[in-house]
Amino acid sequence: MPELPEVETVMRGLEPVLNNNHITKVTLNRSDLRIPFTPTLKDDVENQTIHSIKRRAKYILIHFSNNKILAIHLGMSGSMLILKPNELYEARVHDHVIFDMKDGARIIYNDPRRFGMIFTLNNDEMTSHKAFAHLGPEPLSNHFSAVYLKDKLKSKKSSIKQALLDQTNVVGVGNIYACEALYKAGINPLTPCPKISLAKYEELVRCICEVLRGAIAAGGSTLKDFRHADGELGYFQHNFAVYDRKGQACPNCECDVTKTGGIERIVQSGRSTFYCARKQK
DNA sequence: CGGTACTCCTGAAGGC
DNA sequence: TGCCTTCAGGAGTACC
């Protein structure tokens, strides 16, 4: 599942392909993904100079000199395949969008579950557009801190795990890294937000950043159906501490798993949470 | 207005 | 073996 580190990795993989290049042709193999493609999408981006490529939350943003922005969200199963010039393209199921580049390279957006989104917007809409207006701070920016988070969540009735998944509180953290960060910080995912001390929030913020930075450094971790932006299969980080490890021992665990049952799996607002009840009180 | 439940979708995995 | 059911999840929407 692409979360912030995976999106960052895809963005960095796209950068060298997009720089000093431009899109000559956009091929839409259907009319929508999760939402319809912007009707003017082709006109907005074809043969326009690419200004820069950025990331906001889990969106990849390609800025063009005509003040248009192409926003790409990978959803759950979206991936980008890059074909070098003259590299043979063999169409696959779920290849929904193809970007042909001036130099002959191709970028292919594939998304089996179609939870992704591709749309364009104007530069000046970045703060008002409904996809971005409500978003909280970037976790790796100066706007994200323990003081901010404690204040933001002081009157929330939800658990800390649910709050971390809420993109109005902090962006980019998905189910996997929320579990991992809470484990690392030693916080029970069921803890109501107001019960967490500032000191614990300090620890949590530190752990969120560590977990995200570690995954970015690893080239973006992923699960089954994620592909690396460089055209190769994505790096599969299977060394999560708790995620998808129900019943197993957590790292450096000294307790008897046959007695404790190991890592527990619970469901919070329809999402799986994995945690160690001994280490996360 | 805050919080919860539901929805979209397909492929993998599990059950019988 | 093979068909059927269940589950995974980001984010928008409906609803109380």
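We name chains A, B, ... by the order of the sequence lines, and we start the count at 1 in each one.
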[X] [atom1] - [N] [atom2] separation (whole Å):
| X | N | atom1 | atom2 | result |
| --- | --- | --- | --- | --- |
| A:Asp244 | C:dC7 | CG | C1' | 12 Å |
| A:His96 | B:dC9 | NE2 | P | 12 Å |
| A:Leu135 | C:dA11 | CG | C1' | 10 Å |
| A:Gln268 | B:dG3 | CD | P | 15 Å |
| A:Lys161 | B:dG3 | NZ | P | 17 Å |
| A:Leu33 | B:dT10 | CG | C1' | 14 Å |
| A:Lys154 | B:dG2 | NZ | C1' | 16 Å |
| A:Tyr243 | C:dC7 | OH | C1' | 11 Å |

Exercise. Centres of the A:Phe115 and A:His73 rings: under 6.0 Å?
Worked result: no
Exercise. What do you reckon, are the aromatic ring centroids of A:Tyr183 and A:Phe240 less than 6.0 Å apart?
Worked result: no
Exercise. Can A:Asp244 and A:Lys246 be counted as an ion pair, charged N to O under 4.0 angstrom?
Worked result: no
Proximal nucleotide (of [options]) relative to the [X] side chain:
| X | options | answer |
| --- | --- | --- |
| A:Pro112 | B:dG11, C:dG9, B:dT4 | B:dG11 |
| A:Arg265 | C:dG9, C:dA11, C:dA8 | C:dA8 |
| A:Arg113 | B:dT7, C:dA8, B:dG3 | C:dA8 |
| A:Arg34 | C:dA8, C:dA11, B:dC9 | C:dA11 |
| A:Tyr59 | C:dA8, B:dT10, C:dG12 | C:dG12 |
| A:Lys58 | B:dG3, B:dT10, C:dG10 | C:dG10 |

Whether [X] contacts [N] is assessed here as follows: a side-chain N or O lying under 4.0 Å from the phosphate OP1 or OP2. Is that the case?
| X | N | answer |
| --- | --- | --- |
| A:Lys130 | C:dG12 | no |
| A:Ser272 | C:dC7 | no |
| A:Arg114 | B:dC8 | no |
| A:His73 | C:dG10 | no |
| A:His134 | C:dG12 | yes |

Would you say the side chains of [X] and [Y] form a donor-acceptor pair under 3.5 Å?
| X | Y | value |
| --- | --- | --- |
| A:Gln48 | A:Ser65 | no |
| A:Asn122 | A:Lys68 | yes |
| A:Gln162 | A:Ser159 | yes |

Exercise. Taking the nucleotide of DNA chain B with the closest heavy atom to each, which residue, A:Arg271 or A:Arg30, is nearer the 5' end?
Worked result: A:Arg271
Problem set entry | Whether A:Phe115 stacks on the six-membered ring of C:dG9 base, 5.5 Å and 30° limits | yes
